[in-house]
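Report on the following structure.
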There are 2 protein chains.
Amino acid sequence: MTNTATAEPRRKRMPKAQRKAQMLDIAEQVFAERGYLAASMDEIAERVGVSKPMLYEYFGSKEGLLIGCIHRARTELLDRTQQAISGASTPEEILRLGLLAFFEFIGEHKQAWALLRQEAAVTVPSAVEEIEGIRRQQTDLIAAVIGSFDTDIDVIEAEAFAEIVVGSTERLALWCERRPEVGPALATTYVMEVVWRGVANRLTG
Amino acid sequence: MTNTATAEPRRKRMPKAQRKAQMLDIAEQVFAERGYLAASMDEIAERVGVSKPMLYEYFGSKEGLLIGCIHRARTELLDRTQQAISGASTPEEILRLGLLAFFEFIGEHKQAWALLRQEAAVTVPSAVEEIEGIRRQQTDLIAAVIGSFDTDIDVIEAEAFAEIVVGSTERLALWCERRPEVGPALATTYVMEVVWRGVANRLTG
DNA sequence: TCAGTAGGTTACTCGAAGTAAGTTACCTCC
DNA sequence: GGAGGTAACTTACTTCGAGTAACCTACTGA
């Protein structure tokens with residue numbers, strides 16, 4: 001009954017990188033399920049099939065584990081976005097494709113997204129920095145797009161516009177969760193309709 | 001040395017309402033200073049000059065105390081906004097005055113704003129509801145404004161626009177903290193320039 | 001002046017983050 | 001094919017803070 005015959009690896013040893021990735025997967029899941037506060041390191045460890053000190057070995061602290069999750073998501077998002085806009089030619093197209101990539105990304109990573117946007121933001125100071133890093137990625141990109149559209153625009157104003165785009169997008173992404181009928185394409189359209197028209201209007205008018 | 005002569009009230013008794021308000025003041029401060037997680041009930045109690053069980057007597061839990069803070073800020077913000085827009089006549093004016101009131105409020109209540117915006121996203125589920133309540137106040141108002149502007153617009157689209165306005169505003173408010181030269185008036189202008197133009201354009205064009 | 005109660009305290013439990021010190025599977029080089 | 005080095009892992013704690021039970025005290029009015 002309790003035999004472990006014929007290779008039934010209840011807890012197998014793993015190389016570092018693989019274990020680390022697995023930990024991030026599980027942690028992302030548990031954080032999203034329970035929220036950062038309610039999630040316990042013991043539960044995460046148990047689900048991974050490993051003891052708690054291993055988590056500390058790899059990530060240093062609960063906070064560190066959270067940062068790890070966020071950082072991975074950030075990297076992936078950036079990759080996706082850059083790939084998405086690589087085929088674009090006009091500023092409008094860059095913005096549209098970037099937005100679409102973003103909405104698609106969060107559609108696939110609902111849990112991670114809820115974590116990033118709702119919970120992590122507050123609970124852990126260093127998580128805020130990491131999240132701000134994500135936004136910085138986006139605002140820099142957008143400010144550059146706006147700048148390339150019309151080099152006469154005030155730097156501060158371009159920054160403000162970029163912030164507006166990012167804020168709109170984030171907020172709309174959250175709203176989309178309650179509105180399943182609004183997919184990435186429609187969400188992109190909404191943002192473009194309001195914001196791009198507004199920006200273009202400002203620049204040319 | 002250690003005497004308490006001539007009415008030196010190290011810890012005075014207080015009527016409930018006054019004590020409660022004092023607790024909220026201190027809690028708001030400590031939450032803002034340390035963040036929700038790092039803030040301890042013991043510290044809050046000590047700063048109030050009262051023992052921990054009193055906090056639990058009045059607010060039930062740490063979460064309850066946070067909700068109390070958020071709720072108070074929410075009420076105040078709503079009052080301010082409603083008063084501000086009471087003199088407006090056109091939808092555009094309503095939006096502009098509402099935005100201005102918002103930016104002014106958060107300029108004056110940085111701590112409360114940090115609570116709303118940062119701590120609010122805290123893992124605490126009911127805090128999230130409170131915060132969502134605030135946004136709902138705003139989005140409902142804005143959706144109504146947009147609806148009154150042109151009743152032909154799709155309900156979903158009006159909602160999306162409202163989310164965009166709120167998202168832009170929130171994000172820009174955060175950005176303003178790093179840009180002291182951008183005051184409430186200029187921030188309002190930025191949002192109106194981009195968003196209102198975008199919305200109006202969509203409605204009429 | 002003393003009973004009733006609003007306002008307050010001491011001293012605990014319990015659960016989860018974080019850690020010190022020891023253990024086992026796996027590889028490698030003879 | 002077994003010694004031995006080390007990467008991967010565990011057990012068994014400490015510590016700290018949220019939450020609570022049970023008790024105390026200053027003020028009120030009849």
Side-chain angles (χ1 to χ4, degrees), chain A residues 3-24 26-27 30-31 33-69 119-120 122-127, chain B residues 4-24 26-27 30-31 33-69 119 122-127:
Chain A
N3 82 9
T4 49
T6 61
E8 181 208 303
R10 291 222 8 202
R11 291 172 171 192
K12 229 183 93 188
R13 291 201 168 196
M14 278 184 190
K16 254 187 168 170
Q18 189 180 344
R19 186 60 96 191
K20 204 169 175 180
Q22 185 201 10
M23 284 173 175
L24 286 174
I26 305 272
V30 176
F31 281 145
E33 254 173 51
R34 302 229 188 283
Y36 178 76
L37 263 182
S40 91
M41 294 296 269
D42 286 290
E43 183 182 352
I44 295 170
E46 200 193 336
R47 283 214 219 169
V48 172
V50 104
S51 71
K52 194 168 52 162
M54 290 312 293
L55 292 176
Y56 286 89
E57 173 83 21
Y58 283 80
F59 297 98
S61 66
K62 188 180 184 184
E63 186 173 322
L65 183 53
L66 177 65
I67 304 291
C69 292
E119 311 193 357
V122 182
T123 323
V124 189
S126 43
Chain B
T4 49
T6 60
E8 181 208 303
R10 291 224 5 202
R11 291 171 170 192
K12 229 184 90 186
R13 290 204 168 193
M14 278 184 190
K16 251 186 168 170
Q18 189 180 345
R19 186 60 94 189
K20 205 168 174 179
Q22 185 202 10
M23 284 172 175
L24 286 175
I26 305 272
V30 176
F31 281 146
E33 254 174 51
R34 301 229 189 281
Y36 177 77
L37 252 187
S40 91
M41 293 297 268
D42 287 290
E43 183 183 350
I44 296 171
E46 200 192 336
R47 282 215 220 169
V48 172
V50 104
S51 69
K52 194 167 55 165
M54 290 311 293
L55 292 176
Y56 286 89
E57 173 83 21
Y58 282 80
F59 296 98
S61 66
K62 189 180 184 181
E63 182 176 325
L65 183 54
L66 177 64
I67 305 292
C69 292
E119 303 299 339
V122 103
T123 316
V124 185
S126 38

Any donor-acceptor pair under 3.5 Å from A:Lys16 side chain to A:Tyr58 backbone: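 No; zero donor-acceptor contacts below 3.5 Å.
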
N/O donor-acceptor pair under 3.5 Å between B:Lys52 side chain and B:Glu46 backbone: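 Answer holds: no.
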
Whole-Å distance separating the [atom1] atom of [X] from the [atom2] atom of [N]:
{"X": "A:Gln22", "N": "D:dA8", "atom1": "CD", "atom2": "P", "answer": "13 Å"}
{"X": "B:Lys16", "N": "C:dT5", "atom1": "NZ", "atom2": "P", "answer": "14 Å"}
{"X": "B:Glu57", "N": "C:dG8", "atom1": "CD", "atom2": "C1'", "answer": "9 Å"}
{"X": "B:Leu65", "N": "D:dG19", "atom1": "CG", "atom2": "P", "answer": "10 Å"}
{"X": "A:Leu55", "N": "D:dC9", "atom1": "CG", "atom2": "C1'", "answer": "12 Å"}
{"X": "B:Arg34", "N": "D:dG17", "atom1": "CZ", "atom2": "P", "answer": "11 Å"}
{"X": "B:Met54", "N": "C:dT10", "atom1": "CE", "atom2": "P", "answer": "13 Å"}

Where protein sits on nucleotides 17-29 of chain C, one letter per nucleotide: B base, S sugar-phosphate only, - none, heavy atoms under 4.0 Å: BBBB---BB----

Short side-chain N/O contact from B:Arg19 to OP1 or OP2 of C:dA6, under 4.0 Å: no

With A:Glu43 via side chain to side chain donor-acceptor pair (under 3.5 Å) - residues at least two apart: A:Arg34, A:Arg47

Side chain to side chain contact (heavy atoms under 4.5 Å, CB included) assessment of A:Ile44 paired with A:Phe31: CA-CA 9 Å; A:Ile44 295 170; A:Phe31 281 145; 4.2 Å; yes

Audit row: B:Phe59, B:Leu66, side chain to side chain contact (heavy atoms under 4.5 Å, CB included) steps and yes/no: CA-CA 9 Å; B:Phe59 296 98; B:Leu66 177 64; over 6 Å; no

Close side-chain approach of A:Leu65 and A:Tyr56, heavy atoms under 4.5 Å: no

